[in-house]
Amino acid sequence: GGLRHLTWELARHVDFDAVVVVDLGDGGRGPLFLDRYDDDRYDVHVSPFPLSDEAISFLVDRCDLVYTAEIGYRPDLFARLRDADVRSVLHLMPELYATDDESGDVDPDLLVTPTTWSLDRLPSRTHVLPVPVALDRFEHRSVEKVETLLHVTAPAMLDRNGTLAVLSALSRVESDCRLIVAGNGSTANLPSRVGHVTVEIRDPVDEYWRLYDDVDA
């Protein structure tokens, strides 16, 4: 899933002292790639979901600040960290953010969000922290004509990736082109062609940047 890629790239680019990998088991969107965290720069602990007491002790013993994305992985994480004088950062997604009353959680010390979208419904102390693209993953090439497009699906809430919007736009395309549909969302009942657009379904890949190898847009 996207959250796995976001946090993995962050661990690859930031000098953390410790990393907790949360094993979601059957609830995960794919296998667990522990070899991606085989790095001498930081200590690694693997925890089931919800986050174990051992994982919290592991963090408290090594860190004075803990970062997590989207959720805390257990309701009392931020309260436990605060009791241990460890500061916390939550990189929240606006559409998934819940207030204290809804989640039963204690807010982290710092709230950041990757987008200005729906910023008005978040606490006023929220800062915008965009997620950059890992440019070293991609080979730069110029595109003179767009003939192959990519849309990535996901089983996220309320068609968050916009698959229905993409499909509804295909009949309006006026030039022959190819649309590659990839990701781990449902591709059932997708047409093979709509008007000028040929639709090709691709299997999910473990290395997300490989999706873009032969794509123009």
Side-chain angles (χ1 to χ4, degrees), residues 1-14 16-39 41-60 62-63 66-78 80-81 88-98 102-105 108 112-115 129 131-134 137 150-164 180-190 201-213:
L3 193 57
R4 173 174 66 181
H5 295 315
L6 184 156
T7 50
W8 176 35
E9 291 291 5
L10 194 74
R12 197 166 69 91
H13 285 85
V14 176
F16 288 116
D17 295 296
V19 170
V20 170
V21 180
V22 181
D23 184 357
L24 297 177
D26 294 339
R29 293 177 183 169
L32 193 66
F33 294 102
L34 286 179
D35 58 314
R36 293 180 174 178
Y37 293 93
D38 186 14
D39 195 317
R41 293 180 302 145
Y42 44 70
D43 297 331
V44 179
H45 179 86
V46 181
S47 171
F49 177 80
L51 209 62
S52 65
D53 288 335
E54 290 78 11
I56 293 180
S57 297
F58 171 85
L59 291 171
V60 166
R62 290 165 175 78
C63 306
V66 170
Y67 165 98
T68 185
E70 195 163 287
I71 60 174
Y73 292 97
R74 63 179 280 170
D76 63 343
L77 172 67
F78 303 123
R80 292 281 297 274
L81 293 176
S88 55
V89 179
L90 173 63
H91 211 162
L92 62 88
M93 311 305 155
E95 70 277 23
L96 297 177
Y97 178 74
E102 293 171 328
S103 67
D105 204 350
V112 294
T113 183
T115 174
L129 181 64
V131 177
V133 174
R137 297 288 200 193
L150 170 70
H151 172 65
V152 181
T153 66
M157 58 174 286
L158 301 176
D159 190 33
R160 189 159 43 145
N161 279 36
T163 300
L164 295 177
I180 297 172
V181 179
N184 53 17
S186 174
T187 55
N189 303 318
L190 287 184
I201 299 174
R202 285 193 180 173
D203 293 330
V205 296
D206 293 333
E207 299 176 331
Y208 70 87
W209 57 92
R210 294 273 74 94
L211 287 176
Y212 303 88
D213 283 346

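Owing to the predicted nature of the structure, the values given are computational and were not obtained by experimental measurement. Heavy atoms only: backbone and side chains are in, while hydrogens, waters and symmetry mates are out.
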Shortest non-hydrogen contact between Val152 and Gly183, atoms and distance: CG1-CA, 4.1 Å
Approximate separation, where rounding is to 0.5 Å, of Leu34 CG and Asp23 CG: 7.5 Å
Arg202 side chain vs Ala182 backbone, donor-acceptor pair below 3.5 Å: no
Glu207 with Arg137: basic N within carboxylate O range, under 4.0 Å: no
Ser47 side chain near Glu54 side chain, heavy-atom distance below 4.5 Å: no
Flag side-chain contact, heavy atom, 4.5 Å: Ser88 against Thr68: no
Chi angles and distances behind the side-chain hydrogen bond (donor to acceptor under 3.5 Å, both in side chains) call for Thr163, His151: CA-CA 8 Å; Thr163 300; His151 172 65; 2.8 Å; yes
Close side-chain approach of Tyr73 and Val20, heavy atoms under 4.5 Å: no
CD1-CG distance between Ile180 and Leu150, expressed to the nearest 0.5 angstrom: 6.5 Å
Enclosure of Asp203 CG (heavy-atom neighbours >12, cutoff 6.0 Å): no
NZ/NE/NH1/NH2 to OD/OE distance under 4.0 Å, Asp53 and Arg80: yes
Candidate pair Val60 and Leu81, rule side-chain contact (heavy atoms from CB on, under 4.5 Å), full reasoning: CA-CA 7 Å; Val60 166; Leu81 293 176; 4.2 Å; yes
OH on Tyr37 to OH on Tyr42, rounded to 0.5 Å: 6.5 Å
Closest approach of Val181 to Thr153 (non-hydrogen atoms, all atoms of both residues): CG1-CG2, 3.5 Å
Close side-chain approach of Leu129 to Thr113, heavy-atom, < 4.5 Å: no
For Pro31 against Arg4, the heavy-atom pair lying closest together: O-NH1, 2.7 Å
Minimum heavy-atom distance Asp206-Arg36, with the two atoms named: O-NH2, 2.8 Å
Minimum heavy-atom distance between Ala134 and His13, given as atom pair plus value: CB-CE1, 4.0 Å
CG-CG distance between Leu164 and Asp159, expressed to the nearest 0.5 angstrom: 4.0 Å
Side-chain heavy atoms of Phe16 within contact of Arg41, under 4.5 Å: no
Distance in Å, Ile71 CD1 paired with Leu3 CG, rounded so as to fall on 0.5 Å steps: 7.5 Å
SB check Asp76 Arg74 (cutoff 4.0 Å): yes
Side-chain H-bond candidate by donor/acceptor type, Glu9 with Tyr208, under 3.5 Å: yes
Side-chain heavy-atom pair Leu77, Ile56 within 4.5 angstrom cut-off: yes
Beyond-backbone contact of Val44 with Val21, side-chain heavy atoms, under 4.5 angstrom: yes
Heavy-atom side-chain proximity of Val19 to Asp43 below 4.5 angstrom: no
Pairwise distance NE2(His91) to CG(Leu10) - rounded to 0.5 angstrom: 8.5 Å
Arg12 side chain vs Trp8 backbone, donor-acceptor pair below 3.5 Å: no
Minimum heavy-atom distance Gly72-Phe78, with the two atoms named: CA-CZ, 4.1 Å
